[in-house]
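Proteins get letters first, then strands, A, B, ... in listed order; numbering begins at 1 in each. Atom set for the values below is all heavy atoms of this structure, side chains included, hydrogens, waters and symmetry mates excluded.
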Amino acid sequence: MSTVPANAESIRAGRRSRRSTASILVGFLGSMNLAITLLVVIAIASVIGTVLQQNQPFQDYLIKFGPFWFNIFERLSLYDVYAAPWYLLILAFLVVSTSICLARNTPNMLKEMNRFREHQQERSLRAFSNHREWQTDLPTEEVEALATRALKRNGYRIRRKEHGDALLLAGMTGSSNRIGYILTHLSIVVICVGGLIDGNLMLKFREWSGDLVVETRDIPVSRIGAESRVSAGAAAFRGTVNIPEGGRAGVVFLPLRDGYVVQELPFTIELEEFRVEHHDTGEPRLFESDVVITAPELEEPIRQTIAVNHPLIYNGYAIYQSGFGDGGSRLYMRAWPLAGDDRAAYELEGRVLRDDLELEVAGQSLRLELTEFETFNARRVPGVPGSREVENLGPRFEYRLRAADGTAREFRNYMRPVTIDDRRYFLSGVRSSPAEEFRFLHLPADADDSPELFMAFLDALTSEERLREASMRAAADAMDDFGLTDRSLIPQVAASGRELVQRLLDEGFGSVMEHLRQRIAEAGGVDDSQETLVMFSRMVMERTLWEAYRDALAATGDDPQRELGGSDQVFFQDAISAMPAIKAYGAPVFLQLRDYDHRQASGLQIARAPGQNVVYLGFALLVGGIFLLFYVSHRRMWCWIRRHDTGTMVLLAGTNQRDPLGFAGQYRALADEIDHRLQDASAPVRGNNEVEGL
Amino acid sequence: MSTPQETLATRFDERGFFRRLSWFDWSWAAAFLVGTVYASVHFAQWMDGYEQAILYLSWVMLVAVGWMWKPARAFSIVVALLTLFAVSRYPDLQAAQNDFFLNYLLSSQSAIMWICALFPAAMVVYFAGLIANSPFMGKLGSAFTWAASGAGFIGLLVRWWESYLISPDVGRIPVTNLYEVFVLFAMTTGLIYLYYEYRYRTRALGGFVGIIITASIGFLLWYHFDRQAHEIDPLIPALQSWWMKIHVPTNFVAYGAFAISAMIGVAYLVQARFSDAWKRRGLPSAEVMDDLMYKNVALGFAFFTVATILGAFWAADAWGGYWSWDPKETWSLITWLNYAAWLHLRFTKGWRGTPMAWWAVIGLFIVTFTFLGVNIFLSGLHSYGEL
């Protein structure tokens with residue numbers, strides 16, 4: 001940024017011993033080396049914040065880095081690096097360095113813009129690499145006129161100076177290039193100042209000085225104390241607030257360190273309605289909120305719809321559509337116990353994110369926390385490769401079941417059964433931490449699209465009493481078929497069938513088959529009667545299952561003795577496959593969503609940026625400056641015209657600092673033009689001594 | 001030393017810039033103005049005031065470019081006519097398969113496949129011309145580059161039309177995802193290169209610039225066949241803005257110029273290392289390459305500054321603040337600072353030559369990270385450009 005000529009540098013070097021500390025400091029701060037170093041250092045420091053995700057909950061960092069590094073990183077403010085004192089200090093250095101350069105060079109630059117260097121001498125002009133000479137018979141006045149014309153036509157401003165018997169036309173163009181220098185460097189200072197106004201430095205300072213206390217608890221606004229509140233004022237902020245439909249807010253939350261503070265607004269904002277629309281592909285097409293602003297100074301409330309890319313600007317406050325969620329939808333659920341003695345389903349009702357419900361199932365007490373509800377759930381239709389068709393799976397809700405010891409599992413259930421390979425299932429996802437993927441339980445839906453039959457079947461298989469009865473019937477039947485008449489064997493046969501059923505429920509069909517194979521192998525494969533016995537056990541197991549299925553039909557009001565068809569077969573298979581998964585499901589209850597009152601919430605971002613116009617001014621200066629710097633070339637031409645005994649001597653010389661290659665061409669064009677003009681104005685030019693170089 | 005013949009040839013022209021324009025310049029500009037007005041009226045229901053302004057502004061830019069760089073006029077005419085021809089044969093998406101011209105030449109997929117063939121071919125031919133010292137091969141390279149850039153332009157314009165054929169809801173300018181901007185990158189880089197080829201009257205650098213374009217074509221093909229990225233998906237709400245139309249193309253002028261500066265840096269370094277072998281082949285002098293490198297960094301820097309500022313304006317509309325330290329924003333700043341340092345060293349310290357060439361090459365890695373790496377490795381607000 002320093003463009004001090006070399007000789008000035010050497011003069012200064014001579015005086016170095018007498019320079020004061022202050023001027024040494026200013027010299028250092030304004031030096032080019034420091035400026036370039038700062039540019040590079042800021043670039044490198046900025047990388048940190050892109051590699052390390054910024055402003056996440058401290059808990060996440062702690063888990064990621066462990067306590068040791070967590071503390072070191074926190075000391076270094078790496079979780080909010082762009083507001084870290086050391087980062088701001090480097091920026092401040094850049095601003096100071098730029099300002100000093102600017103202050104030092106601007107006066108010179110401005111003077112330079114009107115300095116024509118009209119004191120050049122003939123000899124020094126000949127020393128320029130771009131120069132050409134002519135001899136002509138024309139009188140000096142005429143030469144001056146044509147040279148002036150040529151220079152002016154090419155955009156040069158001219159200063160005329162007589163040097164004894166010679167005349168010098170000193171031309172200059174593109175001096176706004178110098179303005180470019182001033183504008184670009186000024187813009188950096190302006191942008192940084194604007195940015196500082198809009199940063200949260202003041203907030204950090206108040207927090208640091210103890211004036212403001214960071215709130216880390218998740219509590220209602222009304223209970224947040226005055227020490228964590230910032231009153232409405234002129235300062236910049238950027239915060240968010242979620243408002244449910246029909247709700248209103250007069251504050252936003254500003255994230256700060258590991259918590260937040262509350263920024264009060266001089267108005268209240270009410271959400272009338274929030275809308276989401278989707279493309280055919282399932283991607284969201286539109287988010288918009290109908291909001292109403294009321295403020296003491298407003299006679300009429302402002303009603304407006306805001307959408308992404310279409311914020312509402314009120315009184316310097318910009319209100320943006322930034323997110324959405326559930327605003328406390330009321331869910332009507334049916335709870336289906338999966339274990340315990342009392343398997344009667346019962347109804348539940350609660351609001352998402354608002355109510356926690358207590359459940360008593362199978363002797364366990366659980367707290368139900370409804371966490372999410374969405375009505376639209378697109379998924380790509382599976383099966384056809386490359387197909388981009390999507391279907392809406394319909395509403396789903398998520399909840400946590402928290403045991404007495406505080407541990408919780410998360411669930412995601414779809415309201416309507418989902419069709420997979422032409423069969424319909426209730427899907428219920430489960431996971432034990434947010435870091436995991438959901439694993440889905442597929443409960444086959446019955447003919448009425450209800451989980452009732454499955455639940456009855458489960459009940460029939462897991463209640464000891466009823467399973468015993470079913471197995472006795474199955475054993476008796478099987479023995480009849482085999483022509484065995486010894487009734488006293490029935491309990492024993494039934495028990496072995498039950499054992500297999502138990503294995504099936506616990507470990508799945510594969511395990512049962514493995515077990516049976518093993519038993520045959522143990523018998524050595526020689527004893528046919530043993531193998532027959534094994535096959536017989538298997539038959540008893542299957543018949544027990546079918547007996548249980550008939551019991552389940554009876555329990556759901558169907559005719560247990562009716563002819564069973566293919567659909568029963570399919571359902572039966574699916575139900576049996578789902579049974580072992582019930583154990584891994586990790587909850588003694590399945591919640592079926594029956595109905596809902598949808599209430600959405602809109603996430604609004606509200607910001608106040610008084611420095612924005614300052615920054616935008618800086619942007620304008622920067623763009624203007626850059627184009628002047630790059631595309632306006634500062635050029636100088638001198639035309640020396642001297643009368644001598646035999647005619648007039650003309651010498652054209654020119655120089656340019658930045659673009660010697662481009663200038664050589666421009667110089668040549670101008671020299672050619674003067675050449676032509678001289679030829680046009682006179683008889684053939686006498687002698688033409690051209691010295692040209694790059 | 002001027003002989004009479006030369007005198008005639010280089011005779012100065014006293015007329016001003018506008019007086020020097022030919023009847024062709026004027027009628028060309030007028031024809032495009034008619035087209036622009038027609039578009040602004042015919043498509044009025046799809047455009048708001050800002051978009052109308054952008055439409056007319058793009059006409060102004062086109063005319064400015066065409067008047068200063070004459071080959072751009074013929075290029076624009078060919079692109080416009082072929083695009084109109086394609087659109088006239090394109091009443092519905094089915095036509096892309098049924099119509100001969102669309103199927104083999106002009107549907108966006110066909111046109112983009114032509115780019116994928118022509119740009120690598122141009123690189124090969126340019127290098128062959130350089131090594132064999134064959135002006136004909138050089139000319140062929142230019143022809144391929146012109147054709148490829150034209151195909152890129154047509155491909156994107158027709159894709160714009162196709163997006164509306166899918167559904168007016170889906171319709172948008174095709175500069176919204178990684179696939180589309182790779183086409184944009186190849187095309188703008190090709191055109192900027194052609195401009196400097198014309199200005200500096202050398203085809204020797206075509207092969208070097210071709211390397212980076214071909215690399216991007218390689219990515220494009222992988223992205224197409226492995227990820228089916230050529231499908232036109234509708235836009236998420238954050239991207240539904242007229243800012244898109246100016247922010248992205250401006251950025252890609254900058255990326256293209258930075259890429260060219262880096263490839264000239266490579267040529268510079270190659271020549272510096274094996275100077276005898278390459279100088280005979282007609283690579284420009286070190287001084288000219290150094291100058292070209294600077295011209296491209298300057299062009300890139302100017303456009304990158306504007307693009308970043310436009311991005312800040314857009315962010316103020318969409319994200320609630322002109323600067324959020326989003327990884328893409330931050331890497332833009334890093335890129336900007338890097339080239340700012342480059343320019344300062346050249347301007348004030350007078351650095352030239354090998355170190356600056358190395359730096360230009362390193363600069364391209366930073367640009368590439370800003371353009372691609374951020375999308376691949378980092379998450380943030382710009383995450384729609386994800387792989």
Side-chain angles (χ1 to χ4, degrees), chain A residues 1-3 32 35-36 39-40 42-43 46-47 49-51 53-54 82 150 153 195 198 238 279-281 283-287 307-311 318 320-322 386 388 605-607 609 612 615-616 619 622-623 626-627 630-631 658-659 661-662 669 672-673 675-677 679 688 690 694, chain B residues 1-2 7 10-12 14 167 169-170 228 231 233-241 243 287-288 291 294 298-299 301-302 305-306 309 312-314 316-328 330-331 333-338 340-341 344-345 347-349 366 374 377-380:
Chain A
M1 293 169 210
S2 143
T3 52
M32 196 62 229
I36 292 178
L39 291 178
V40 174
I42 294 170
S46 302
V47 175
T50 66
V51 177
Q53 271 208 333
Q54 300 285 289
Y82 305 112
R153 205 186 69 74
D198 287 347
R238 201 164 151 186
H279 290 289
D280 297 338
T281 59
E283 295 280 325
R285 190 176 71 81
L286 175 81
F287 301 114
V308 180
N309 275 313
H310 300 281
Y320 300 88
Q321 179 70 59
S322 76
R388 299 165 75 80
Q605 173 160 231
I606 303 183
Q612 177 165 307
V615 171
Y616 285 7
F619 285 166
L622 181 60
V623 171
I626 282 178
F627 277 90
F630 291 163
Y631 297 108
R658 290 274 162 79
D659 182 17
L661 227 51
D672 286 348
E673 182 175 339
D675 195 53
H676 291 308
R677 285 184 191 275
Q679 284 185 43
N688 183 347
E690 181 180 333
L694 284 175
Chain B
M1 283 189 295
S2 47
T7 311
T10 60
R11 205 172 162 74
F12 71 90
E14 204 164 347
S167 151
D169 240 19
V170 175
Q228 306 293 314
E231 300 277 356
D233 284 327
L235 287 185
I236 58 166
L239 296 183
Q240 296 167 12
S241 168
W243 286 109
E287 209 174 3
V288 168
D291 185 55
Y294 158 71
L299 179 73
F301 190 75
T305 307
V306 173
I309 289 171
F313 289 153
W314 188 1
D317 258 10
W319 298 336
Y322 50 82
W323 195 260
S324 310
W325 293 104
D326 165 68
K328 195 85 165 185
T330 309
W331 274 96
L333 176 68
I334 292 167
T335 308
W336 191 87
L337 289 169
N338 171 61
H344 274 98
L345 277 179
F347 276 180
T348 63
K349 295 265 167 181
I366 299 175
V374 171
F377 300 113
L378 309 173
S379 64

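The candidate with the highest count of non-hydrogen atom pairs below 4.5 Å against chain B, out of A/I626, A/V308, A/N309, is A/N309. In terms of non-hydrogen atom pairs under 4.5 Å with chain B, the most contact-rich of A/V47, A/V40, A/V623 is A/V47. Each of B/V170, B/V288, B/T335, B/I309 has some count of heavy-atom pairs under 4.5 Å with chain A, and the biggest count is that of B/I309. When each of A/A609, A/A607, A/P311, A/G662 is checked for heavy-atom pairs under 4.5 Å with chain B, A/P311 comes out on top. Between chain A and the residues B/F301, B/Y322, B/Y294, B/W323, the largest count of heavy-atom pairs under 4.5 Å involves B/Y322.
Scanning all heavy atoms of the two residues, the minimum distance from A/Y631 to B/A302 falls at CE1-CB, 4.5 Å.
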*Starting from the C-alpha separation in whole Å, work towards a yes-or-no answer on side chain to side chain contact (heavy atoms under 4.5 Å, CB included) for A/E283 and B/D233.*
CA-CA 9 Å; A/E283 295 280 325; B/D233 284 327; 6.0 Å; no

*Is there a side chain to side chain contact (heavy atoms under 4.5 Å, CB included) between B/S167 and A/H279 once you walk through the steps?*
CA-CA 10 Å; B/S167 151; A/H279 290 289; over 6 Å; no

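Proximity of a side-chain donor or acceptor of A/Y320 to a complementary backbone N or O of B/A316 within less than 3.5 Å is detected.
Proximity to chain A is absent for every atom of B/N338, based on heavy atoms less than 4.5 angstrom apart. No part of B/I366 comes within reach of chain A, as not one of its non-hydrogen atoms sits under 4.5 angstrom from that chain. Of the two parts of B/F313, the backbone and the side chain both hold a non-hydrogen atom closer than 4.5 Å to a non-hydrogen atom of chain A. Using a 4.5 Å cut-off between heavy atoms, B/T305 contacts chain A through its side chain alone, with no backbone atom that close. Neither the backbone nor the side chain of B/W243 comes within contact range of chain A; no heavy atoms are under 4.5 Å apart.
If you take OG on A/S46 and CH2 on B/W331, they are separated by 9.0 Å, rounding to the nearest 0.5 Å.
Residues B/P237 and A/Q321 have side chains not in contact (no heavy-atom distance under 4.5 Å, counting atoms from C-beta outward).
In this structure, A/F630 has no ring pair (Phe, Tyr, Trp, His ring centres under 6.0 Å) partners at least two apart in sequence or on a different chain.
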